[in-house]
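This report refers to the structure that appears directly beneath it.
Letters A, B, ... mirror the listed sequences (proteins, then strands); counts begin at 1. Computed from a predicted structure; not experimentally measured.
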2 protein chains.
Amino acid sequence: MDEYDVLKLENQLCFPLYAASREIIKFYKPLLDPLGLTYTQYLVMLVLWQRRKMNVKELGDTLFLDSGTLTPLLKKLESMSLITRTRSEEDERVLIVETTVKGRRLRDKALDIPAEVSALTGLSQDESLSLYALLYKLLGSAKAE
Amino acid sequence: MDEYDVLKLENQLCFPLYAASREIIKFYKPLLDPLGLTYTQYLVMLVLWQRRKMNVKELGDTLFLDSGTLTPLLKKLESMSLITRTRSEEDERVLIVETTVKGRRLRDKALDIPAEVSALTGLSQDESLSLYALLYKLLGSAKAE
DNA sequence: CTTGAATTGATTGATTGCAATTTAATTTTA
DNA sequence: TAAAATTAAATTGCAATCAATCAATTCAAG
């Protein structure tokens with residue numbers, strides 16, 4: 001054990017986290033292609049399917065993304081007629097994002113995706129739950145910063 | 001519980017994985033800035049500090065990255081005089097990447113980084129180990145694809 | 001009221017990440 | 001051996017991601 005062992009790739013937690021995240025996103029690709037969505041666009045739609053109407057700030061807080069990522073992505077979803085973007089009348093700084101009928105209809109096509117991805121992970125339900133809990137704990141620390 | 005509950009953001013494993021990965025990368029930013037490295041460049045250096053000499057294919061297999069990502073990144077590290085890029089003499093298709101003296105010296109400046117990041121995650125050692133094991137299991141499934 | 005601070009999104013620039021294609025070199029096979 | 005298949009890396013094009021900055025709006029203190 002020399003002093004440099006702490007720098008070995010296999011001793012870092014960050015690396016499997018980073019790699020696993022990217023690999024899971026690849027699981028989604030063939031499932032999302034028929035819907036015409038990228039992974040990040042899918043996450044935005046997931047949120048909007050639940051809430052229907054949200055502003056950019058709330059969307060960013062929910063997904064840990066900032067306007068630099070969201071602005072072009074939302075414009076793209078708007079150009080696909082899945083959402084509308086309108087300024088709030090009470091506060092002109094706020095941009096309200098809302099699903100269209102077409103956007104909401106897309107939800108039905110996504111229903112089978114979670115189960116298919118879950119099967120690909122190779123984790124049992126218990127393992128998924130443990131992983132889930134640990135990740136949210138980590139995210140809690142990140143938010144606390 | 002309606003049929004759409006499976007599409008709730010908080011019922012997806014992919015989301016905390018994706019968000020936690022990005023948040024951890026942000027932990028590294030202030031620690032890597034003094035070294036002049038980005039997170040991905042740091043991962044490449046971690047691998048090369050261990051092996052010193054590798055080709056692009058091996059590097060890609062290790063980090064789950066392809067030449068589209070690695071080629072420009074390695075050119076950047078070369079321009080910073082941290083590595084050299086040379087074609088193999090036995091097989092001209094193969095590009096050998098190797099650390100320079102300057103590249104190896106940078107290692108000493110990175111020694112404290114893992115401990116500092118680990119502290120920021122807010123996870124106990126046991127939790128880190130569980131998380132680590134689950135992520136590698138997931139990565140195993142991905143590799144098996 | 002008015003000035004200064006805070007907030008919200010948009011923009012810009014650099015880096016990643018990846019799929020798809022291309023080029024060059026090597027290996028296999030007919 | 002010649003043609004076909006394979007392999008390694010580079011290139012291209014598009015979409016993220018994020019830091020930093022900017023502009024417009026709102027809010028708050030004096």
**Request:** Could you tell me whether A/Lys76 atom NZ has more than 12 heavy atoms of other residues or ligands within 6.0 Å of it?
**Result:** no
**Asked** If you check every side-chain atom of B/Lys76, which of D/dC18, D/dA10, C/dT15 has the closest atom?
**Response** C/dT15
**Request:** May I ask you to verify if any side-chain N or O of A/Thr40 is less than 4.0 angstrom from the OP1 or OP2 atom of D/dA15?
**Result:** no
**Message:** Would you call the rings of B/Phe15 and A/Tyr136 parallel, tilted or perpendicular, taking 30° and 60° as the class edges?
**Reply:** tilted
**Prompt:** Taking B/Ser21 for the side chain and B/Leu17 for the main chain, is one N or O donor matched with an acceptor at less than 3.5 Å?
**Reply:** no
**Spacing of B/Glu92 atom CD relative to C/dT27 atom P, expressed in whole Å** = 12 Å
**Fill in**
By nearest-nucleotide position on DNA chain D, the 5'-leaning member of B/Arg85 and B/Arg22 is B/Arg85
**Request:** Classify the nucleic acid contact of A/Asp91 as base, sugar-phosphate or nothing, counting any heavy atom under 4.0 Å across all strands shown.
**Result:** sugar-phosphate
**Item:** Integer-rounded Å distance: C/dA10 C1' and A/Leu59 CG
**Value:** 15 Å
**Request:** Give the rounded distance in Å between these two atoms: OH of B/Tyr42 and P of C/dT16.
**Result:** 15 Å
**Request:** Measure from the side chain of B/Leu65, starting at C-beta and using heavy atoms only, and say which of D/dC18, C/dC18, C/dT15 lies closest.
**Result:** C/dC18
**Asked** So, is A/Asn55 close to the C/dT8 phosphate, meaning a side-chain N or O under 4.0 Å from OP1 or OP2?
**Response** no
**Asked** Side chain of A/Lys29: nearest nucleotide among D/dA15, C/dA19, D/dC18?
**Response** C/dA19
**Message:** Categorize B/Glu90 for me: base, sugar-phosphate, or nothing, with a 4.0 angstrom heavy-atom threshold over every strand shown.
**Reply:** sugar-phosphate
**Message:** Can you measure B/Glu78 atom CD to D/dA9 atom P for me and round it to whole angstrom units?
**Reply:** 14 Å
**Request:** Select one nucleotide: of D/dT6, D/dA9, C/dT8, the one nearest the side-chain heavy atoms of A/Lys57.
**Result:** C/dT8
**Prompt:** For B/Asp66 and C/dA19, what is the distance between atoms CG and C1' respectively, to the nearest whole Å?
**Reply:** 8 Å
**Asked** Can you check whether A/Gly103's main-chain N or O pairs, donor with acceptor, with A/Thr100's side chain at less than 3.5 Å?
**Response** yes
**Request:** State which of C/dG9, C/dT15, C/dA25 makes the closest approach to the side chain of A/Leu95.
**Result:** C/dG9
**Message:** Please report the distance, rounded to the nearest Å, between CZ in A/Arg87 and C1' in D/dT26.
**Reply:** 13 Å
**Prompt:** Do we get A/Arg22 above B/Phe64's six-membered ring, with its NZ or CZ under 6.0 Å from the centre and within 45° of the axis?
**Reply:** no
**Prompt:** Got a salt bridge between B/Glu23 and B/Lys26, using NZ or NE/NH1/NH2 to carboxylate O under 4.0 Å?
**Reply:** yes
**Prompt:** Rounded to the nearest Å, what distance is computed from the CG atom of residue B/Leu70 to the C1' atom of nucleotide D/dA10?
**Reply:** 12 Å
**Prompt:** Does a nitrogen or oxygen in the side chain of A/Tyr18 sit under 4.0 Å from OP1 or OP2 of C/dG17?
**Reply:** yes
**Request:** Mind checking A/Ser67 for me? I need base, sugar-phosphate or nothing, with any heavy atom below 4.0 Å counting as a touch.
**Result:** base
**Request:** Compare the minimum distances between each of D/dA16, C/dT7, C/dT15 and the side chain of A/Arg93, then state the nucleotide with the smallest one.
**Result:** C/dT7
**Sugar-phosphate, base or nothing in reach of A/Thr69, heavy atoms under 4.0 Å** = base
**Asked** Between B/Leu32 (CG) and C/dT16 (P), how many Å, whole number?
**Response** 11 Å
**Message:** Measuring from the side chain of A/Thr71 (C-beta onward, heavy atoms only), which nucleotide among C/dA10, D/dA16, D/dT11 has the closest atom?
**Reply:** C/dA10
